[in-house]
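Remarks on the structure that follows.
Remember, it's 1-based here, ligands and their atoms both numbered in the order they're listed.
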Amino acid sequence: MTDVALLHADEQAPLEGVIKGEVLRMYQEVAEHPEGEFHFYHGRQAAEMFGYEPEWLDRAPPGAVASFAGVGNPHLRSRLQAGEVVLDLGSGAGLDSIIAGWQVGSKGRVIGVDLNPTMCRKAEAHAAASGVRMACHEGRMEDIPLPNASVDVVISNGVINLSFRKRTVIRELFRVLKPGGRLSITDIVSAKQLSQSVVNDPKLWAS
Ligand SMILES: C[S@@+](CC[C@H](N)C(=O)[O-])C[C@H]1O[C@@H](n2cnc3c(N)ncnc32)[C@H](O)[C@@H]1O
């Protein structure tokens, strides 16, 4: 890390708890009131914009589609095979887990991890209604509640940008992946340094 990055990390340290609270609040709202106004794309409109197959969106439970809050389409490059074990990091209301579950079939399985217990329970219910084997663990991407070398593929959609500790998250992903495993991640990156007023705003961080 550079000195400047360290200085900012120190300045931002007290914000970590505030941001975690805002992230929990924001995605609780998406889970419970997806019809509300959010300053990010969500629901079917977002999924169609990112190239999700209309057939998937018709077949998935309406609640999983309505609370979808991804930023891209991790299924375009995941090349999932029948029988694989998939981790959906930040699984939200479960749409990505369900689509992955359809691809890995009954011999495979999907493990969700999400900070928000409401999201986790919704994802499991939506997956069960879709005929997908999925268990969601309430937990943090910075400390993934899975053993070393336990998954074939990690998918994640719009989640890592929410972390204060992105290097730790990447280390965790490589820890839980089996040798030769794969990552298919869609996320937000900034091509330029954002101003501190943007970086330090919990609402902007959480969205
Ligand atoms: C942009 S949404 C993910 C969308 C999801 N992939 C979908 O299909 O709708 C972000 C998700 O990440 C979860 N999340 C945020 N911070 C987290 C953390 N530190 N560890 C695990 N999950 C986290 C949120 O609770 C939320 O469900």
Under 4.0 Å to a heavy atom of N116 - the qualifying atoms of ligand 1, by number: 25 (O)

Determine, using the 4.5 Å side-chain heavy-atom cutoff (strictly less than), whether I185 and F164 are members of one ILVMFWY cluster. yes

Under 4.5 Å between side-chain heavy atoms, hopping through other hydrophobics if needed: is there a path connecting M134 to I98? yes

For ligand 1, which atoms sit closer than 4.0 Å to a heavy atom of R140? 20 (N)

What atoms in ligand 1 come closer than 4.0 Å to a heavy atom of L162? 10 (C), 15 (C)

Donor + acceptor pair across side chains of S163, E142 (<3.5 Å): yes

Which of the atoms of ligand 1 are close to F68, meaning less than 4.0 Å from one of its heavy atoms? 7 (C), 8 (O), 9 (O)

How far is atom 24 (C) of ligand 1 from its nearest protein heavy atom, and which residue and atom name does that atom have? D114 OD1, 3.5 Å

Within a distance under 4.0 Å of any heavy atom of G139, pick out the atoms of ligand 1 and give their elements. 20 (N), 21 (C)

Looking only at protein heavy atoms, what sits closest to atom 18 (C) of ligand 1 is M141 CE, 3.6 Å

Relative to ligand 1, is E142 under 4.0 angstrom through side chain, backbone, both or neither, heavy atoms considered? side chain

Nearest 0.5 Å please: distance from the CG atom of L162 over to the NZ atom of K20. 13.0 Å

Which of the atoms in ligand 1, numbered in the order shown and given with their element, are less than 4.0 Å from a heavy-atom of V23? 15 (C), 16 (N)

Could you tell me the residue and atom name of the protein heavy atom closest to atom 1 (C) of ligand 1, and the distance to it rounded to 0.1 Å? A69 O, 2.9 Å

Taking V169 as the starting point, is it possible to reach I19 by hopping between hydrophobic residues whose side chains are less than 4.5 Å apart? yes

Hey, is A31 one of the residues with a heavy atom under 4.0 angstrom from ligand 1? no

Within the 4.0 Å heavy-atom shell around V159, which atoms of ligand 1 are there? 3 (C), 10 (C), 12 (O)

Answer with yes or no after comparing the ring centroid distance for F68 and Y52 against a 6.0 Å cut-off, counting only values under it. yes

Can you tell me which residue and heavy atom of the protein come closest to atom 8 (O) of ligand 1, and the distance to 0.1 Å? D96 OD2, 3.0 Å

Measure from atom 17 (C) of ligand 1 to every heavy atom in D187, L115, N157, I155 and give the option owning the shortest one. L115

The protein heavy atom nearest to atom 2 (S) of ligand 1 is Y27 CE2, 3.7 Å

Best match, G43, G90, G92, C120: closest heavy atom to atom 3 (C) of ligand 1: G90

